Amino acid sequence: MVKYYKHNKIIKLCTVLGALLAFLYCFFTLLNTNSITIWPISFSINGVNGIIIGMIAATLTFLVTMKPDDPLPWHWLTLIVFGVLLFIFCHILPGILVFIGAIIGIIDEI
């Protein structure tokens with residue numbers, strides 16, 4: 001059963017913007033071609049592996065927003081988890097946007 005918050009449109013807007021910004025940030029970081037080598041960035045957690053994890057987290061965040069309760073539940077706790085993942089693997093701004101949406105969901109539930 002889908003949970004509807006009082007400010008559902010604001011939460012969805014923050015979450016969609018955060019997911020799109022995170023996906024774009026990871027995509028443009030992956031296409032970083034400052035040098036002539038095939039892989040200009042390393043395979044560490046801050047390199048390609050971290051970018052791929054960030055893209056997966058951004059895609060799941062977008063799916064949670066567009067199809068509530070189909071892949072994952074539409075709940076403020078899920079948004080906090082994805083906000084932290086986007087904050088770690090993508091960038092500060094997408095994580096903060098998703099986290100703001102989660103905080104609005106917490107306030108609506110109280």
Side-chain angles (χ1 to χ4, degrees):
M1 181 161 181
V2 178
K3 175 142 179 91
Y4 290 104
Y5 295 101
K6 188 168 35 168
H7 298 95
N8 204 27
K9 290 182 181 181
I10 297 171
I11 297 171
K12 280 192 176 192
L13 178 70
C14 287
T15 309
V16 166
L17 282 177
L20 287 176
L21 281 175
F23 191 78
L24 286 174
Y25 177 78
C26 288
F27 184 72
F28 287 134
T29 305
L30 188 62
L31 292 179
N32 183 13
T33 54
N34 291 334
S35 62
I36 311 264
T37 60
I38 295 174
W39 290 101
I41 49 182
S42 65
F43 283 97
S44 66
I45 196 69
N46 292 328
V48 175
N49 293 335
I51 292 170
I52 292 172
I53 292 170
M55 282 184 151
I56 291 170
T59 305
L60 286 176
T61 306
F62 190 72
L63 282 176
V64 165
T65 306
M66 289 296 121
K67 297 172 74 176
D69 286 345
D70 192 13
L72 292 169
W74 173 246
H75 196 264
W76 60 266
L77 191 58
T78 309
L79 294 179
I80 286 179
V81 170
F82 283 127
V84 169
L85 284 175
L86 294 179
F87 186 79
I88 292 171
F89 291 110
C90 295
H91 201 260
I92 294 172
L93 183 62
I96 289 176
L97 281 172
V98 174
F99 201 70
I100 287 172
I103 290 174
I104 293 171
I106 291 172
I107 292 170
D108 276 357
E109 193 159 314
I110 294 177

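Remember, it's a predicted structure, so these values are computed and weren't measured experimentally.
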For this session: Give, for atom NZ of K6 and atom CD1 of I107, the distance between the pair rounded to the nearest 0.5 Å.
Result: 10.5 Å
Problem set entry | Test item: L63 and L72 side chains (from C-beta on) under 4.5 Å apart, heavy atoms | no
For this session: Give a yes or no answer on whether the side chain of Y5 reaches the backbone of W76 with a donor-acceptor pair at less than 3.5 Å.
Result: yes
Exercise. Roughly how far apart are T15 OG1 and L20 CG, rounded to 0.5 Å?
Worked result: 11.0 Å
Problem set entry | Shared hydrophobic cluster, I104 / V84 (ILVMFWY, side-chain heavy atoms < 4.5 Å) | yes
For this session: Might you point out which heavy atoms bring C90 and C26 nearest each other, and give the distance in Å?
Result: SG-SG, 3.3 Å
For this session: Say whether I92 and V81 are linked into one hydrophobic cluster, either directly or through other cluster members, by side-chain heavy-atom distances under 4.5 angstrom.
Result: yes
For this session: Ignoring hydrogens and angles, tell me if any N or O in the side chain of T59 forms a donor-acceptor pair with the backbone of M55 under 3.5 Å.
Result: yes
Exercise. So with a 6.0 Å cut-off around CZ of F99, is the heavy-atom count from everything else above 12?
Worked result: no
Exercise. If we only count heavy atoms from C-beta on, is the Y25 to L93 side-chain gap below 4.5 Å?
Worked result: no
Exercise. Are I56 and F82 connected in the hydrophobic side-chain network, where two residues link if heavy atoms are under 4.5 Å apart?
Worked result: yes
Problem set entry | Single hit among L79, V16, I103 for side-chain contact (heavy atoms from CB on, under 4.5 Å) with I11 | L79
For this session: Locate the shortest heavy-atom distance separating F23 from A58; write the atom from each residue and the value.
Result: N-CB, 3.8 Å
Exercise. For the atom pair CG (L13) and CD1 (I10), what is the distance rounded to the nearest 0.5 Å?
Worked result: 8.0 Å
Seminar exercise, completed: CZ (F87) and CD1 (I80) are apart, to the nearest 0.5 Å, by 14.0 Å
Seminar exercise, completed: One should read off an interatomic distance between T65 OG1 and L60 CG, to the nearest 0.5 angstrom, of 10.5 Å
Exercise. Minimum heavy-atom separation for I100 to C14, with atom names?
Worked result: CG2-SG, 4.2 Å
Problem set entry | Considering all heavy atoms, the nearest A22-L86 contact | CB-CD2, 3.6 Å
